[in-house]
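Computed from heavy atoms alone, side chains included, the values below leave out hydrogens, waters and symmetry copies.
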Amino acid sequence: MTEGLDSARMAGWRAYIEASQRLFTQLEDDLRADRGLSFADYHVLVLLAEAPGQRLRMGELADRLVFSPSRLTYQITSMQRRGLVARESCPQDRRGSEAVLTAAGLLALREAAPGHLASVRRHLMDDLDDAEVATLTRVFERLGRRLRADRDASSTLSD
């Protein structure tokens with residue numbers, strides 16, 4: 001009984017990984033073609049746009065992106081060269097720094113967002129089969145429930 005459950009679970013994870021890899025590859029190709037942004041660029045811009053003051057400490061940004069510090073430094077340096085972000089010293093931590101969204105970065109995000117959302121819809125509807133959509137939907141619904149529960153738990157603790 002356990003072997004069947006484990007193989008079913010493994011097959012589910014394999015289907016999720018294959019579908020998500022295919023989807024994210026297609027989305028990245030569209031972002032690069034439309035706006036010259038990588039998926040990581042887009043993610044950094046979204047996180048900074050949603051942050052208070054449109055700035056985040058590098059450590060917090062790395063945690064949210066699940067990037068190593070060296071990978072984040074490379075990413076921010078690349079985006080800084082293109083004028084999408086700036087890097088400033090952090091007033092709360094003299095040893096650290098913050099990534100700051102620039103006007104050019106905000107403009108790039110605003111221009112890319114509608115095309116990116118259309119791309120997500122198009123690839124989900126046209127390029128993934130029904131089983132892949134169902135697998136991604138189940139995983140994202142479960143993740144959404146966990147995130148809502150975590151948010152509700154943290155808000156009741158702070159009240």
Side-chain angles (χ1 to χ4, degrees), residues 16-128 132-133 135-159:
Y16 163 73
I17 290 166
E18 289 169 359
S20 62
Q21 283 177 334
R22 206 163 116 224
L23 176 64
F24 289 120
T25 298
Q26 291 165 326
L27 296 177
E28 173 131 18
D29 290 347
D30 288 353
L31 276 169
R32 281 196 193 280
D34 292 345
R35 297 288 169 210
L37 296 174
S38 70
F39 201 73
D41 293 338
Y42 186 81
H43 199 167
V44 168
L45 294 174
V46 168
L47 289 173
L48 290 174
E50 293 174 346
Q54 298 183 333
R55 61 180 54 236
L56 281 172
R57 290 185 61 233
M58 294 292 281
E60 186 176 351
L61 191 55
D63 290 344
R64 290 186 185 191
L65 291 166
V66 195
F67 275 7
S68 69
S70 61
R71 172 69 175 109
L72 180 64
T73 298
Y74 172 81
Q75 182 69 39
I76 295 298
T77 301
S78 166
M79 294 178 74
Q80 198 173 1
R81 274 192 229 117
R82 293 177 296 162
L84 301 173
V85 298
R87 198 165 170 182
E88 297 178 359
S89 62
C90 180
Q92 294 89 1
D93 181 1
R94 286 185 280 177
R95 296 169 296 145
S97 60
E98 293 178 317
V100 181
L101 185 65
T102 63
L106 186 57
L107 180 62
L109 178 61
R110 285 184 179 155
E111 289 177 348
H116 179 63
L117 293 175
S119 177
V120 170
R121 278 190 223 102
R122 182 176 62 253
H123 290 303
L124 280 174
M125 299 303 288
D126 297 342
D127 296 334
L128 297 180
E132 290 173 322
V133 171
T135 298
L136 289 171
T137 301
R138 274 194 312 275
V139 170
F140 288 128
E141 284 174 350
R142 226 176 292 146
L143 179 60
R145 282 193 298 273
R146 284 186 185 160
L147 291 172
R148 282 190 296 279
D150 288 349
R151 186 184 61 226
D152 293 344
S154 67
S155 68
T156 58
L157 291 175
S158 63
D159 290 342

| query | Do Q26 and R122 touch side chain to side chain, with heavy atoms closer than 4.5 Å? | reply | no
| said: Any heavy-atom pair between the side chains of L37 and H116 that's under 4.5 Å? | reply: no
| So, for L109 and A49, which heavy atoms are closest and what is the spacing to 0.1 Å? | CD2-CB, 3.5 Å
| If you round to the nearest 0.5 Å, how far is CZ of R110 from CG of L45? | 12.0 Å
| field | side-chain contact (heavy atoms from CB on, under 4.5 Å) between R64 and L56, worked out | value | CA-CA 10 Å; R64 290 186 185 191; L56 281 172; 4.0 Å; yes
| request: May I ask you to test the E60-L47 pair for a side-chain heavy-atom distance under 4.5 Å? | output: no
| query | Could you give the distance from OG1 (T25) to CZ (F39), rounded to the nearest 0.5 Å? | reply | 10.5 Å
| task | Considering non-hydrogen atoms only, spot the tightest contact between L48 and A99 and give its length. | result | CD2-O, 3.4 Å
| request: List the atom of A86, the atom of T102, and the distance in Å for their closest heavy-atom pair. | output: N-CG2, 3.7 Å
| said: To check you understand the geometry: which heavy-atom pair defines the closest contact between R87 and T73, and what is its length? | reply: NH1-CG2, 3.9 Å
| message | Looking at every heavy atom in both S119 and L27, which two are closest together, and how far apart are they? | response | OG-CD2, 3.3 Å
| said: Does anything in residues 39-54 form a side-chain hydrogen bond (donor to acceptor under 3.5 Å, both in side chains)? List the pairs, not counting sequence neighbours. | reply: S38-D41, D41-Q75, D41-R82
| task | Before accepting this row, confirm whether a basic side-chain N of the pair R22/E18 lies closer than 4.0 Å to the acidic partner's carboxylate O. | result | no
| query | Does the side chain of L61 come within less than 4.5 Å of I76's, by heavy atoms? | reply | yes
| Of the non-hydrogen atoms in E98 and S89, which two are nearest, and what is the gap between them? | OE1-O, 4.2 Å
